[in-house]
Number of protein chains: 2
Amino acid sequence: MTRTTPKLQPFSQECKDCPIRHRAVCARCEKDELGLLEQIKFYRSFEAGQTVVWAGDRMDFVASVVTGIATLSQTMEDGRRQMVGLLLPSDFAGRPGRETSAYDVTAATDLVMCCFRKKPFEKMMLSTPHIGQRLLEMTLDELDAAREWMLLLGRKTAREKIASLLCIIARRDAALQLRSSEGQLRFDLPLTREAMSEYLGLTLETVSRQMSALRREGLIVTEGKRQIIIPDFDALLEETGDDSDGGFLI
Amino acid sequence: MTRTTPKLQPFSQECKDCPIRHRAVCARCEKDELGLLEQIKFYRSFEAGQTVVWAGDRMDFVASVVTGIATLSQTMEDGRRQMVGLLLPSDFAGRPGRETSAYDVTAATDLVMCCFRKKPFEKMMLSTPHIGQRLLEMTLDELDAAREWMLLLGRKTAREKIASLLCIIARRDAALQLRSSEGQLRFDLPLTREAMSEYLGLTLETVSRQMSALRREGLIVTEGKRQIIIPDFDALLEETGDDSDGGFLI
DNA sequence: CATGTCGGTTGATCTGAATCAATGCGGTTG
DNA sequence: CAACCGCATTGATTCAGATCAACCGACATG
């Protein structure tokens with residue numbers, strides 16, 4: 001497990017009951033030492049694997065990811081799970097005008113979220129139209145992403161699904177991070193095989209097999225369990241089944 | 001093909017070159033006899049099967065469905081298609097701040113859309129915050145629907161997919177229409193087997209087979225090709241794999 | 001009337017991914 | 001150190017749905 005201490009803002013307090021440094025509510029022991037749950041805006045930190053809220057649970061705040069990755073998932077009665085959202089830093093969670101979460105929200109990596117109480121946030125939206133506009137834009141982007149995702153789930157082969165996911169993560173990483181020399185990309189895969197399988201609508205065995213296949217064919221190189229190197233991004237892109245013009249981002 | 005003449009508003013003009021009655025641009029012969037393409041708001045009608053816009057094409061208006069059903073689809077280079085949106089009366093198409101369509105928009109049935117030129121619409125959004133708020137709400141609803149759809153595509157069996165689709169359509173129909181006696185539902189299936197297969201991420205043969213299976217088991221009754229009767233909605237709901245509490249709408 | 005087309009159904013066969021099961025491996029813990 | 005755990009890999013087998021192909025009925029067309 002990669003224990004990445006949040007770098008954006010050093011936490012000012014350390015909980016007495018657990019070693020997690022945090023600003024407001026400790027996700028491990030649920031202490032609210034500073035009484036920040038009463039405030040409009042507060043931060044919460046979570047360890048990789050922890051659940052932020054369960055589907056159906058009360059969630060009287062909206063939040064945005066500060067560092068780390070959160071996932072939204074749906075679960076069927078018999079346990080089949082499908083990821084339906086992947087939240088990266090600056091992404092938004094929660095819906096104004098709804099008091100329970102529709103999805104399980106989980107920390108895929110260590111996670112820091114910036115939370116706003118919902119009621120004041122809604123008031124703010126009314127008084128500051130700019131916020132609503134920005135939120136609309138973000139929601140439309142998410143809808144587009146969801147529709148791309150639907151194509152992946154409905155029509156792509158396992159191999160294409162894996163290649164697509166790797167390209168998505170690589171692209172995003174490259175967008176805000178250093179890239180390695182001469183077009184070759186290196187990044188940390190922030191998802192377990194199981195999380196990947198939930199994203200892609202596959203079993204984890206199939207994910208593992210297809211990763212091995214891509215490795216065998218030299219399309220990707222792995223270093224340890226999580227470091228991925230893509231020697232030739234365009235070659236991998238070929239395997240996604242997507243129109244090749246999607247590469248404008250990189 | 002069901003030729004349903006739009007009932008909401010009788011059209012005031014008939015094109016000289018084709019038998020379609022229409023208000024503005026004739027979808028068949030592309031004539032703009034009334035010069036309404038210059039106006040801010042206008043209506044367009046389409047026959048079942050016609051394409052409204054192709055992915056990538058210029059689309060300098062936003063629109064809402066007046067009568068009929070439109071679909072949004074994505075196509076891969078090799079022809080695999082996945083439906084990513086199903087627009088029913090009052091649903092909205094097009095994205096402010098983008099001048100080309102990201103998807104193929106197709107009339108699944110005969111269709112009438114109410115179109116607004118994009119530029120004036122965007123201005124209106126700025127001056128009338130209420131419009132933006134409403135649009136945000138609708139977009140959030142669509143995002144939720146897309147996520148439900150992702151669960152269907154990623155994790156449901158063919159049988160569950162079919163049952164889900166039938167329940168979705170039946171529910172919507174029942175919401176605004178007459179229902180038959182004693183809890184039994186009857187409605188017109190507005191999609192071809194092929195359209196259903198594009199919705200569900202299946203082949204049309206599998207759709208046909210599963211429909212036959214449900215018919216054989218008495219979960220649905222068909223009358224002609226398109227009339228569907230659901231003798232026991234709850235029984236069909238059992239087959240969807242969904243939590244049973246989703247039935248609150250009916 | 002014969003012909004064609006379109007949407008739909010059904011059958012035979014194939015195959016990609018699921019399932020079941022064993023094994024590996026790095027890190028933590030008693 | 002051995003034992004164990006969580007995560008990942010790999011193999012053998014099964015099966016749901018895709019693919020290929022034939023056929024049906026309604027309706028339009030020359």
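Hydrogens, waters and symmetry mates are skipped; everything else that's a heavy atom, side chains included, is used. Below, chain A is the first sequence line, B the second, and so on; all start at residue 1.
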Can you tell me how far OH of A:Y103 sits from CZ of B:R147, rounded to the nearest 0.5 angstrom? 5.0 Å
To the nearest angstrom, the CG-P distance between A:L189 and D:dT9 comes to 10 Å
If you look at every strand shown and take non-hydrogen atoms under 4.0 Å, does B:T203 touch a base, only sugar-phosphate, or nothing? base
For A:L200 and C:dG16, give me the distance from atom CG to atom P, rounded to whole Å. 18 Å
Which nucleotide sits closest to the side chain of A:R193: D:dT9, D:dG17, C:dG8? D:dT9
Side-chain N,O (B:S208) to OP1/OP2 (C:dG8) below 4.0 Å: no
Taking A:Q227 for the side chain and A:G224 for the main chain, is one N or O donor matched with an acceptor at less than 3.5 Å? no
Interatomic distance, A:M211 CE vs C:dA17 C1' [rounded to whole Å]: 17 Å
Sidechain-backbone polar pair: B:Q82 side chain, B:Y199 backbone, donor-acceptor under 3.5 Å: yes
Checking C:dT9, D:dG17, C:dG8 against the side chain of B:R215 (C-beta onward), the nearest is C:dT9
How would nucleotides 20-29 of chain D be written as a contact map, 5' to 3', with B for base contact, S for sugar-phosphate-only contact and - for no contact, using protein heavy atoms under 4.0 Å? B---------
Length of the line joining B:Q227:CD and C:dG8:P, which is rounded to integer Å: 14 Å
Whole-Å distance, A:E198 CD to C:dA17 C1', equals 17 Å
Under a 3.5 Å threshold, yes or no: a donor from one side chain and an acceptor from the other, between A:R193 and A:S208? no
Could you state the atom-to-atom distance from CD1 of A:I162 to P of C:dG16 in whole Å? 16 Å
Pick base, sugar-phosphate or nothing for A:L204, based on heavy-atom distances below 4.0 Å to the nucleic acid. base
Examine C:dG16: is either OP1 or OP2 under 4.0 Å from a nitrogen or oxygen in the side chain of A:T157? Give yes or no. no
For B:I220 and C:dG8, what is the distance between atoms CD1 and C1' respectively, to the nearest whole Å? 14 Å
Could you report the tightest heavy-atom contact between B:T106 and B:G49, atom names first, then the distance? CG2-O, 3.9 Å
For atom CD1 of A:I228 and atom P of D:dA8, their distance in whole Å: 11 Å
Is there a salt bridge (charged side-chain N to carboxylate O under 4.0 Å, His left out) between B:E194 and B:R81? Walk through the geometry before answering. CA-CA 10 Å; B:E194 187 175 17; B:R81 278 172 69 85; over 6 Å; no
Measure from the side-chain heavy atoms of B:T206 and tell me the nearest of D:dT9, C:dG8, D:dA18. D:dA18
Does a side chain donor of either B:Q74 or B:D104 reach within less than 3.5 Å of an acceptor in the other side chain? no
